[in-house]
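Since we're looking at a predicted model, the values are computed, not measured. Within every chain, numbering begins at 1; the chains are lettered A, B, ... in the order of the sequence lines, protein sequences first and strands thereafter.
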Protein chains: 2
Amino acid sequence: MMLSRASKYAILSTLFLAEHSSETRKISVKEIANSIDVPSPFLAKLFQQLVRGKIISSTKGPNGGFYLTKRNRKKAVIDIIENIDGLEKINECFLGLNECDGSNPCPVHFIVEPFKNNIMGKFRDKTITEFAEEISSNGRVLTLKDLTTPKKQ
Amino acid sequence: MMLSRASKYAILSTLFLAEHSSETRKISVKEIANSIDVPSPFLAKLFQQLVRGKIISSTKGPNGGFYLTKRNRKKAVIDIIENIDGLEKINECFLGLNECDGSNPCPVHFIVEPFKNNIMGKFRDKTITEFAEEISSNGRVLTLKDLTTPKKQ
DNA sequence: ATATATTAAGACCTTTTTATCTTTTATACT
DNA sequence: AGTATAAAAGATAAAAAGGTCTTAATATAT
C-alpha cells in the first residue's frame, strides 16, 4: 500500500499540468523538470507511459508539449497509480500475505483495512481537476521543488 | 508509508516467536523458514539485526535458536519497523515531498495524515504480546505460508 | 576435550527500480 | 522543401532491495 517514486512523480506532475497547462498552453518535459527537482529523462519516460494510458496528452514539435484535455481532467488519482504501479501493489496486504481478508485476516488487517478503504475511495472519487482546484483554492502553490531525493542529499 | 519486504518478514516472524517460543523453547531459523515460505538465509540476516536491536534474542549451539524474553515482548511493532526500515521511511510524505505538514501540505496531506496517525498509534501502543494474544484469542493461527513472493509465481 | 548444532558475519549474486543517453519521428513555422 | 523543436522509442547504466553462500564463533552435550 505504497507508491513507487515513479507514481509520486506522475501524480505530482499531472496535478501540475492540471493547474498550468491547457490545450493551447502545452508544457515541455524540461519546463516541468527544471521548475521542479525531478530528473527530466525519467519524467519523459513516465510521461510517455501516461500518454499511452490516456492520463495526459502530448503533441510533438514546436510549441508542442504535454497538457490535459477535458477527458484527461476527469481521470482520478487512482488511474495514475494504476497506470504506473498497477493496482495489485497498492491493494496488497500490509504484511504481504497472499490471502488476507475479513475471514482470514493478517495480524494488522482490521487496523489497516479501514484506512485503506477510505484513502482509496478518495483517490477513486476525486478527479484530477477537483484535486487541483482544492490545491489552488487553498492558496497553495504546487511547486514540487522539495521532492525527497535520498541519494543526492 | 509502506514496509519493505524485510520489515514484513520481521513483523510476522516476531509475532510467530511471540506465539511459539520461550526462553526454554528456542526456535531455529530453519524451523521458522521451513514452516513458512520465507527464504531462510534472508531471514537469518534479519534475525541477526533484530537481535542487535534487542527486538528478539538468540543463543548459539545445540538447542539454541531464537526466542523472546519478557523485555522483548514489551516491544511494539513500530520498534521492529524502526529497526529494519528506519522511521523516516514510514513517516515520509505520501507523495515524497520533503516539506509536508499542516502549514505546507502536499496535495493529499489532509487525506493521508489522520490515517497515518491512527495506524502509527496502534503500532506504537500495542506490545508484541498484545498483538500475538489478539491473534490467538481470535482463534486464528499465525502461519505465514502465504506470503506473497512476486517472482516465483 | 571433542563433536555437533546453531547463530554471526561478511562477501557475493540477482532482480527491480530509478535514471540517462542516443536516435527516430512528428509538427510547426518560414 | 527545409529547419527547428519537441515527444517517442529503445538501449544502457547506476543504485537499491532482495536473496544466497561460505566461513567463523559459540554454546551444549557427551
What contact category does [X] fall into here, base, sugar-phosphate, or nothing, at under 4.0 angstrom with non-hydrogen atoms?
X: B:Leu43; result: nothing
X: A:Ile27; result: sugar-phosphate
X: B:Ser4; result: sugar-phosphate

Is there a side-chain contact between B:Met2 and B:Lys8, using heavy atoms and a 4.5 Å cut-off? yes
Is the distance from OP1 or OP2 of [N] to the nearest side-chain N or O of [X] less than 4.0 Å?
X: A:Arg5; N: D:dA16; answer: no
X: B:Arg52; N: C:dA9; answer: yes
X: A:Ser40; N: C:dT20; answer: no
X: A:Tyr9; N: C:dA19; answer: yes

Look at the side chain of B:Pro39 and decide which nucleotide, out of D:dT20, C:dT7, C:dT20, has an atom nearest to it. D:dT20
From the set D:dG19, C:dT7, C:dT20, return the single nucleotide nearest to any side-chain atom of A:Pro41. C:dT20
Criterion ring-ring contact (aromatic ring centres under 6.0 Å, His included) on A:Phe115 and A:Phe94, from CA distance to verdict: CA-CA 11 Å; A:Phe115 166 85; A:Phe94 193 82; 8.2 Å; no
Would you call the rings of A:Tyr9 and A:Phe42 parallel, tilted or perpendicular, where under 30° means parallel and over 60° means perpendicular? perpendicular
Using only heavy-atom distances, decide whether a donor-acceptor pair under 3.5 angstrom links the side-chain of B:Lys45 to the base of D:dG18. no
Would you list the atom pairs, donor with acceptor, under 3.5 Å between side chains in residues 66-83 of chain B and any protein atom, with sequence neighbours excluded?
residue: B:Thr69; atom: OG1; partner: B:Arg71; partner atom: N; Å: 3.4
residue: B:Thr69; atom: OG1; partner: B:Asn72; partner atom: N; Å: 3.1
residue: B:Thr69; atom: OG1; partner: B:Asn72; partner atom: OD1; Å: 3.0
residue: B:Asn72; atom: OD1; partner: B:Ser57; partner atom: OG; Å: 2.6
residue: B:Asn72; atom: OD1; partner: B:Thr69; partner atom: N; Å: 2.9
residue: B:Asn72; atom: ND2; partner: B:Lys54; partner atom: O; Å: 3.1
residue: B:Asn72; atom: ND2; partner: B:Ile55; partner atom: O; Å: 3.4
residue: B:Arg73; atom: NH1; partner: B:Ala18; partner atom: O; Å: 2.9
residue: B:Arg73; atom: NH2; partner: B:Ser21; partner atom: O; Å: 2.9
residue: B:Asp79; atom: OD2; partner: B:Ala76; partner atom: N; Å: 2.8
residue: B:Asn83; atom: ND2; partner: B:Gln49; partner atom: O; Å: 3.4

Check: A:Asn63 main-chain N/O paired with A:Lys26 side-chain donor or acceptor under 3.5 Å: no
Return the set of residues passing side-chain contact (heavy atoms from CB on, under 4.5 Å) with B:Asn118 (not counting sequence neighbours), or none when no residue passes. B:Lys122
What are the residues of residues 59-66 of chain A, sorted by number, that bring a heavy atom to within less than 4.0 Å of DNA chain C? A:Lys60, A:Gly61, A:Pro62, A:Asn63
For the pair made of CG in B:Leu46 and P in D:dT20, what is the distance, rounded to whole Å? 12 Å
